[in-house]
Protein chains: 2
Amino acid sequence: MKAVAMPTVSRVAVCGGTHGNELAGVYLVRERLKRRADGTEPVSVVTVMSNPRAVQLCVRYVETDLNRCFTRATLSAPVSETSPYEMIRSQELNALLGPKGSAQAVDLLCDLHNTTANTGLCLITYSDCDWICLHICKHLQREMASTPVRYVHFDIPLNEAYSLDSVGKHGFAMEIGPQPHSVVRSVIFSAMQEGVQLMMDWICQFNSGTLFEGGWVDVYTMVKNIDYPRDSETHVITAAVHPNLQDRDFCLLHPGDPMFLSFSGETLRYKGKEALYPFFINEGAYYEKGIALSLARKRRVEIPSVLVNKH
Amino acid sequence: MKAVAMPTVSRVAVCGGTHGNELAGVYLVRERLKRRADGTEPVSVVTVMSNPRAVQLCVRYVETDLNRCFTRATLSAPVSETSPYEMIRSQELNALLGPKGSAQAVDLLCDLHNTTANTGLCLITYSDCDWICLHICKHLQREMASTPVRYVHFDIPLNEAYSLDSVGKHGFAMEIGPQPHSVVRSVIFSAMQEGVQLMMDWICQFNSGTLFEGGWVDVYTMVKNIDYPRDSETHVITAAVHPNLQDRDFCLLHPGDPMFLSFSGETLRYKGKEALYPFFINEGAYYEKGIALSLARKRRVEIPSVLVNKH
């Protein structure tokens, strides 16, 4: 494959607190805001606390999930004083960091998240052919010794892409777990700090002309979500994730494998026909969304060498 | 030591959802409520969802922490329609299960809790000489193969005892971790189910005349709480629990041991003069209470043989 020339990554946004109780990102953003740019940085970085009201209350959101408010429809909907806070805030963030899909948008948006699931570090994106995101993923995989790094792809068109990272020309959620919500664990905080620093290092090297060799990256493409078993009348859940599956994010799940253990002791099995990779297993914030876990298909994607295209 | 004769444990309360987002207890109570007493139980058990509004919202509490509302003062304070919901609810629960300190109170109150800390199973009480609670603890220690069981003692007079379990003649919080709040983990749910069942078994055997041999139980008496390092102006925390201490609940902490790792990378050490046992390390709900961990002194307590005193 021929090296692909790509524009400089000049403007980067690092966002945290998009969910106010995902504390590694919240504290990382606070640390970064303390050490304001001194003008000597090789890249222009804007650091943003995305949902300050939710951060203040240490809740995921105040009125509605901010990280579902970045579809084209929501961003262009009329808002008034009575609109949900997060809907207003998404339009503010779009004005600051976007507008989404425009030439004015930041070149790269990295949005920091935590999960109660044992995911390690995931870069979650809407593209399986964004060479910048894939190269950053490869760089993190190479450099991070103690944290597994994976690339997760939600196959959704940009107009329908609902999360903050879709506002940048390139973008991803940097999702790290396991960490309970409303708690910060030092090891998770440090992994996030390292992930952000490695991303910055890659950007600086790329901008200064380094050629990054191509190669292969495993891409996990989301296929479907699975809900908890629920009581048909009350919709209350009747089983927890099975102990054999809990914490086994990205370990292949085969048809017939235990999936749930009901509160009365019955094992419920995976009934799909295809072995798939589970992730976001027992994520705390997804009970209300009807998601016990997500399932992905894995494939190897070949990525070209990349080089900055200096004009 | 001579065997101590004690009254029958006739009326037992099992409570969950005192904190609405501690889900093992919530689901255990729901399961128990599904299988209502069929009149053949050897002991009268009342099962209570303590804070149904908080359970509904999956939050710790709605207006104020219910499990701080059972002091004599709060229970006897005048309430009106504008009083915090939990203050009203604490008086309802006191009427149902107490009144605290009276002959009408349930004989034993077991209140189910979860923590994000790696505590295993703790029975948390206000007494280091409650032979019933200590014998139940000994029974659980003997019978539970895969869960460490410990007895934690808060040295507070009954009038000032603030938690629901203080309403019973005997009582304890059964606290199990680690589990993120708003999440139920199957292994934690099963441990709680086993703990409650073993407690019931012990009570039935005791009531039917079994003599339980005395012996020794390790008692962890709470000495003090330690807060996170905080910014002196904003009171925002500036460090997380050190990786060497995280998840090491009930492992002796020595003077000079690492305690916190600041977000800028500095290690802060335990400055106390006495080696003590840390617990509730990095409990999510205690950030707002200014508690990063609690410290306890351990000692062995000799307990007498006990026997039911049948009248």
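Since we're looking at a predicted model, the values are computed, not measured. Proteins get letters first, then strands, A, B, ... in listed order; numbering begins at 1 in each. All values below were derived from every heavy atom in this structure, side-chain atoms included, with hydrogens, water molecules and symmetry-related copies excluded.
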Rounded at 0.5 Å granularity, tell me how far [atom1] in [X] sits from [atom2] in [Y].
X       : Y       : atom1 : atom2 : answer
Q179(A) : T116(B) : CD    : OG1   : 10.0 Å
E31(B)  : S262(A) : CD    : OG    : 7.0 Å
H242(B) : S186(A) : NE2   : OG    : 7.0 Å
C58(A)  : E288(B) : SG    : CD    : 9.0 Å
T234(B) : R30(A)  : OG1   : CZ    : 7.5 Å

Structural part of I237(A) lying under 4.5 Å from a heavy atom of chain B: both

Side chain proximity check, H181(A) to H181(B), heavy atoms < 4.5 angstrom: no

Evaluation steps, side chain to side chain contact (heavy atoms under 4.5 Å, CB included), between K34(B) and S264(A): CA-CA 11 Å; K34(B) 275 193 214 166; S264(A) 54; over 6 Å; no

Under 4.5 Å from any heavy atom of chain A - which part of [X]:
X       : value
Q193(B) : side chain
V184(B) : both
V236(B) : side chain
D247(B) : side chain

Atom CD of Q56(B): over 12 foreign heavy atoms under 6.0 Å: no

Parallel, tilted or perpendicular: ring planes of Y27(B) versus F263(A), cut at 30 and 60 degrees: parallel

Top contributor to chain A interface from L261(B), V187(B), N21(B), N282(B) [non-hydrogen pairs under 4.5 Å]: N282(B)

